[in-house]
Each structure stands twice: as C-alpha cells, then as structure tokens.
Amino acid sequence: MRDNTAGGALTETTFLVLLSTYTPNHGYGIMQFIERVTNGRVILGAGTLYGAINALLKKKWIAPVENIEPGSNKKEYVITDLGKQMAQKELNRLSELYGLASRIIGGEPL
C-alpha cells in the first residue's frame with residue numbers, strides 16, 4: 001500500500017478502510033461497506049483488502065478486536081486513535097483540495 005504519509009495523501013483504499021472501521025468490522029463487512037458507500041464504484045478484491053488491512057495493522061492505524069462471539073473465526077478490526085488522526089488529516093487535505101478546485105472551476109481568480 002503506497003501512501004504518501006509525509007505529504008499527507010492516503011490512497012482511496014486506505015481512507016475507505018479506515019472509515020469502515022470506525023465501528024468494529026470484519027473483512028467481508030469492510031468490502032460490503034466500501035462497495036455500498038461508493039455506490040459500487042469501488043469494489044475491493046480479497047487480496048487488495050487484506051493487503052490494506054495488514055499494512056494498516058503494521059502502522060497501528062487499526063487494531064484487532066477481541067471476538068465477542070464464542071467460537072467465531074471472524075476477525076474484526078477497529079480504527080485506533082492514530083488511525084483517526086490520519087483520517088482527519090486526509091479529510092482536511094481533501095477539503096482544501098475541493099475548495100481550491102471549486103474556486104478554479106468556478107472561475108474565481110486566485
């Protein structure tokens with residue numbers, strides 16, 4: 001997963017996975033969430049999803065959740081405080097970019 005964390009830019013996949021874990025979620029649930037909130041524009045394959053999950057676990061942006069269902073093999077993940085900070089930074093970056101693009105496309109002189 002290539003994220004320009006120095007410059008603040010996250011990949012869309014990373015940002016969407018972070019957003020999908022604001023409440024505990026398992027892999028298939030994350031895939032469904034992303035497909036639903038993007039109206040089918042983004043559909044992750046299992047390899048892409050689990051690669052992103054593993055990278056986010058290494059960065060400590062998400063963490064595993066203890067299974068609450070006895071005997072369940074589903075692994076759930078939740079965003080960490082560090083992950084929330086990174087998601088907020090990305091939201092701020094995108095908001096700034098949106099504002100700039102809106103002014104330029106709207107014909108406002110800079």
Side-chain angles (χ1 to χ4, degrees):
M1 178 173 56
R2 297 183 333 199
D3 288 311
N4 183 5
T5 53
L10 302 182
T11 65
E12 184 175 18
T13 297
T14 297
F15 193 42
L16 288 168
V17 171
L18 286 174
L19 295 175
S20 73
T21 58
Y22 265 78
T23 57
N25 213 342
H26 53 83
Y28 185 64
I30 292 170
M31 289 170 73
Q32 290 179 311
F33 171 89
I34 291 171
E35 185 173 350
R36 185 179 79 251
V37 300
T38 65
N39 295 312
R41 182 180 58 80
V42 178
I43 299 173
L44 299 181
T48 300
L49 174 66
Y50 288 103
I53 287 172
N54 287 331
L56 291 171
L57 286 168
K58 275 186 179 178
K59 292 178 179 188
K60 299 187 187 311
W61 293 3
I62 63 172
V65 176
E66 295 295 322
N67 281 336
I68 55 173
E69 293 180 39
S72 174
N73 289 334
K74 288 183 182 176
K75 293 181 182 177
E76 289 192 323
Y77 308 94
V78 68
I79 193 167
T80 63
D81 287 340
L82 180 57
K84 288 178 181 179
Q85 289 174 19
M86 297 308 296
Q88 184 62 55
K89 283 175 70 173
E90 181 65 359
L91 177 59
N92 294 346
R93 185 190 72 80
L94 291 172
S95 294
E96 183 180 316
L97 183 60
Y98 176 82
L100 174 63
S102 294
R103 290 193 320 267
I104 291 170
I105 292 169
E108 184 180 318
L110 298 182

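Bear in mind the structure is a predicted one, so any value in this text is a computation, not a measurement.
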If every non-hydrogen atom of [X] is compared with every non-hydrogen atom of [Y], which pair is closest and at what distance?
X     : Y     : result
Phe15 : Leu91 : CZ-N, 4.2 Å
Leu82 : Lys60 : CB-O, 3.9 Å
Ala63 : Leu57 : CA-CD2, 4.0 Å
Leu49 : Gly27 : CD2-O, 3.1 Å
Ser20 : Asn25 : O-ND2, 3.2 Å
Leu18 : Thr21 : O-OG1, 2.9 Å

Of Ile79, Leu10, Asp81, the one forming a side-chain contact (heavy atoms from CB on, under 4.5 Å) with Trp61 is Leu10
Under the salt bridge (charged side-chain N to carboxylate O under 4.0 Å, His left out) criterion, do Arg93 and Glu96 qualify, and how do the steps go?
CA-CA 5 Å; Arg93 185 190 72 80; Glu96 183 180 316; over 6 Å; no
Atom pairs and distances, donor-acceptor, side-chain atoms in residues 102-110, under 3.5 Å, two or more places apart:
| residue | atom | partner | partner atom | Å |
| --- | --- | --- | --- | --- |
| Ser102 | OG | Tyr98 | O | 2.9 |

Let me check something: any side-chain donor-acceptor pairs from residues 28-35 under 3.5 Å, sequence neighbours excluded? List them with distances.
| residue | atom | partner | partner atom | Å |
| --- | --- | --- | --- | --- |
| Tyr28 | OH | Gln32 | NE2 | 3.4 |

Looking at side-chain heavy atoms only, is the closest gap between Leu56 and Tyr77 below 4.5 Å?
no
